[in-house]
Amino acid sequence: MNALDSNENGVKARECIEDAVKVLLEGLGEDINREGIRKTPFRVAKALREATEGYKQKVNDVVHGALFPEAGLESGSGQAGGAGGLVTVRDLDLFSYCEFCLLPFQVQCHVGYVPSGQRVVGLSKLSRVADIFAKRLQAPQRLADEICTALQHGIKPTGVAVVLRCLHIHFPKFESALPDTSHQGWVKILVTSGSGVFEEEKADIWAEFLPLLNFRGISKENAHPGVPHQPWCPSQSCNKLEQSNSAMTNAVVSILKSLGEDSTRKELVGTPCRFLKWLMNFRNSNLEMKLNGFLRSRINNPSSCGKVGDTEDLICSELSLPFWSQCEHHLLPFQGVVHIGYYSSDGLNAVGRTVLQSVVHFYGFKLQVQERLTRQIAETTSSLLGEDIMVVVEANHTCMISRGIEKFGSSTATIAVLGRFSSDPAARAEFLQSLPNFCSA
């Protein structure tokens with residue numbers, strides 16, 4: 001296939017994804033011509049194409065020409081019969097798209113190998129090989145196995161070891177009136193794969209490799225080479241999937257095919273329904289939030305309060321209200337916590353934490369941008385707690401690890417202020433100092 005044909009196929013695939021995304025947006029009840037949404041099909045198609053470019057890459061193209069002779073090392077000498085000692089590259093930050101639900105997940109990859117035949121490979125190539133397989137629809141164990149196998153065949157060392165720490169966004173209990181706040185925002189799993197001298201789980205060489213990862217929180221006790229494939233995506237534990245909108249289902253199937261995947265592969269057969277089960281929780285809704293009577297309910301709450309200046313009012317707070325949302329620009333999830341500051345003459349929350357959580361929940365489960373979410377929460381809570389309101393939203397955006405940005409560990413904070421908070425720097429500073437540290441994972 002020549003470059004022109006390849007380019008034409010790429011344009012056709014991108015346009016196919018864009019058309020599919022328009023179907024999904026319309027299925028969510030969105031106006032595809034709305035500002036903020038208009039370019040979403042293009043942005044989603046671009047992000048997905050870039051995030052799955054590993055399908056078009058080959059390991060041999062990366063490794064070829066990157067093997068170097070290491071003079072002075074006799075064949076058969078050194079560690080485990082190889083031509084020297086163990087070589088380890090740690091903390092390779094990758095991301096991949098989960099084949100079960102089509103949401104991105106974060107990967108921290110550690111690779112070790114024992115050189116053989118008086119050959120070593122350029123260290124950057126280990127990262128590039130890992131990235132080839134990460135940029136495909138994946139599951140953690142298969143990703144580890146594919147990286148391991150490719151390096152074994154490409155470098156022909158005495159053995160290869162791969163350890164992956166993967167983080168997947170948690171699925172809240174959408175069916176309940178309020179989201180489940182008892183869990184962290186991420187599902188974590190540790191998987192390993194080994195070949196050659198690392199193939200046996202109890203091989204001595206593992207005892208030499210894993211200690212090099214100890215201060216990464218990985219030890220012999222929590223890393224088990226050769227663990228069989230196991231469910232890890234939260235969508236796999238969902239209740240029986242409901243019958244999905246056929247047009248939307250076909251749109252997701254079209255996306256899979258446009259990415260170069262076989263939509264009939266057993267791991268992908270249920271993916272359209274699982275993705276839609278997630279996505280439809282953020283459909284555009286005209287449901288009204290019932291707040292009548294909340295202002296008449298005075299609920300004693302262990303809020304943190306303190307005096308400001310000479311006023312008798314106290315600054316009180318409700319901190320770390322969790323939320324989940326979906327970015328309207330890229331159709332990717334973001335999640336985090338909301339902090340609300342307000343004034344109270346007696347230090348009591350007039351409506352209770354549960355009501356504030358319901359406000360956060362109401363505005364979170366929509367196609368959103370964080371700035372708008374922050375403003376909407378501030379405006380609504382001002383009608384409940386008084387006109388003096390300060391809202392801080394802290395969030396992790398999966399679009400910050402995908403789409404070529406790959407800023408792992410980054411988080412975003414947005415602020416909205418009303419009433420006295422908008423004109424009193426001391427009040428804003430006091431509330432901000434009361435905020436707990438926000439942990440991204």
Side-chain angles (χ1 to χ4, degrees), residues 9 12-28 41 44-45 47-56 95-107 132-147 149 164 166-175 187 189 191 193 227-283 326 330-333 398 402:
N9 288 337
K12 184 177 179 180
R14 176 178 57 77
E15 291 176 346
C16 187
I17 295 174
E18 289 185 33
D19 291 340
V21 173
K22 290 177 183 177
V23 173
L24 296 179
L25 289 172
E26 289 173 339
L28 289 173
V44 172
L48 284 173
R49 294 269 296 163
E50 290 177 352
T52 55
E53 61 184 8
Y55 287 115
K56 302 187 291 287
F95 79 92
S96 190
Y97 271 73
C98 177
E99 66 183 6
F100 298 109
C101 67
L102 286 186
L103 298 182
F105 65 95
Q106 184 174 339
V107 182
I132 286 175
F133 292 101
K135 288 188 175 177
R136 302 178 182 183
L137 300 187
Q138 281 289 6
Q141 187 61 60
R142 191 173 80 249
L143 175 57
D145 291 341
E146 289 182 342
I147 294 171
T149 300
L164 305 182
C166 302
L167 291 85
H168 192 304
I169 191 170
H170 206 291
F171 284 17
K173 293 181 179 178
F174 297 107
E175 297 83 359
V187 176
I189 190 172
V191 296
S193 185
V227 172
H229 292 51
Q230 53 184 319
W232 88 295
C233 173
S235 71
Q236 294 176 273
S237 61
C238 290
N239 296 329
K240 184 178 179 180
L241 299 175
E242 300 175 1
Q243 187 67 31
S244 302
N245 177 297
S246 59
M248 296 180 75
T249 301
N250 291 337
V252 180
V253 171
S254 175
I255 290 173
L256 293 175
K257 292 179 178 178
S258 298
L259 295 177
E261 263 290 359
D262 177 7
S263 61
T264 64
R265 179 161 64 88
K266 65 177 182 178
E267 292 86 357
L268 296 178
V269 169
T271 296
C273 289
R274 285 188 289 262
F275 175 70
L276 291 177
K277 184 176 177 65
W278 162 270
L279 188 64
M280 290 302 287
N281 290 289
F282 303 94
R283 61 186 175 274
Q326 190 89 343
H330 300 97
L331 293 188
L332 292 171
T398 52
S402 57

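These numbers were taken from a predicted model, which means no experiment stands behind them. We use all heavy atoms of the structure for the numbers below, so side chains are in, but hydrogens, waters and symmetry mates are not.
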Assess the side chains of Trp278 and Gln326: does a donor N or O sit below 3.5 Å from an acceptor N or O? yes
Which pair of heavy atoms, one from Pro140 and one from Leu164, lies closest together, and at what distance? O-CD1, 3.6 Å
Could you walk me through whether Leu259 and Ile17 pass side-chain contact (heavy atoms from CB on, under 4.5 Å), step by step? CA-CA 9 Å; Leu259 295 177; Ile17 295 174; 3.9 Å; yes
Looking at every non-hydrogen atom in both residues, tell me the closest pair between Glu267 and Phe100 and how far apart they are. O-CD2, 3.9 Å
Pro41 and Lys22: which non-hydrogen atoms are nearest, and at how many Å? CG-CG, 3.7 Å
For Lys56, does the NZ atom sit with more than 12 other heavy atoms under 6.0 Å from it, leaving out its own atoms? yes
So, do Pro272 and Val253 sit near enough that their side-chain heavy atoms are less than 4.5 Å apart? yes
Report the C-alpha separation of Cys101 and His168 in whole Å, then their side-chain angles, then the decisive distance to 0.1 Å, and conclude whether the side-chain contact (heavy atoms from CB on, under 4.5 Å) test is met. CA-CA 10 Å; Cys101 67; His168 192 304; 3.3 Å; yes
Could you walk me through whether Lys257 and Glu261 pass the side-chain contact (heavy atoms from CB on, under 4.5 Å) test, one step at a time? CA-CA 5 Å; Lys257 292 179 178 178; Glu261 263 290 359; over 6 Å; no
Closest non-hydrogen contact found for Leu332 with Tyr97 is CD2-OH, 3.7 Å
Kindly indicate whether the side chain of Val107, heavy atoms from C-beta on, has any atom under 4.5 Å from the side chain of Leu143. yes
Is the closest basic N to carboxylate O distance between Glu53 and Arg49 below 4.0 Å? no
Test Val252 against Leu276 for side-chain contact (heavy atoms from CB on, under 4.5 Å), laying out the working first. CA-CA 8 Å; Val252 180; Leu276 291 177; 4.0 Å; yes
If you compare all heavy atoms of Ser96 against all heavy atoms of Ala134, which two are closest, and at what distance to 0.1 Å? OG-O, 2.5 Å
Residue among Leu24, Asn250, Val23 satisfying side chain to side chain contact (heavy atoms under 4.5 Å, CB included) with Ile255: Leu24
With no hydrogens and no angle check, is any side-chain donor or acceptor of Ser254 less than 3.5 Å from a backbone partner on Ala20? no
Output the distance between atom CG (Leu167) and atom CH2 (Trp232), rounded to the nearest 0.5 Å. 7.5 Å
Identify the residue among Arg136, Arg142, Arg274 that makes a salt bridge (Lys or Arg N to Asp or Glu O under 4.0 Å) with Glu99. Arg142
Interatomic distance, Gln106 atom CD to Thr398 atom OG1 [nearest 0.5 angstrom]: 10.5 Å
Under a 3.5 Å distance rule, please check whether Arg265 uses its side chain to pair with a backbone N or O of Asp262 as donor and acceptor. no
For residues Leu279 and Leu28, report the shortest heavy-atom separation together with the two atoms involved. O-CD2, 3.5 Å
Should Met248 and Glu26 count as side-chain neighbours, where that means a heavy-atom distance under 4.5 Å? no
Would a 4.5 Å heavy-atom cut-off, applied to side chains only, mark Leu102 and Leu137 as touching? yes
Quick one: pull up OG1 in Thr52 and CD in Gln138 and give me the separation to the nearest 0.5 Å. 11.5 Å
Is there a donor-acceptor pair closer than 3.5 Å between any side-chain N or O of Tyr55 and the backbone N or O of Phe133? no
Roughly how far, to the nearest 0.5 Å, is CG of Leu25 from CZ of Arg283? 15.0 Å
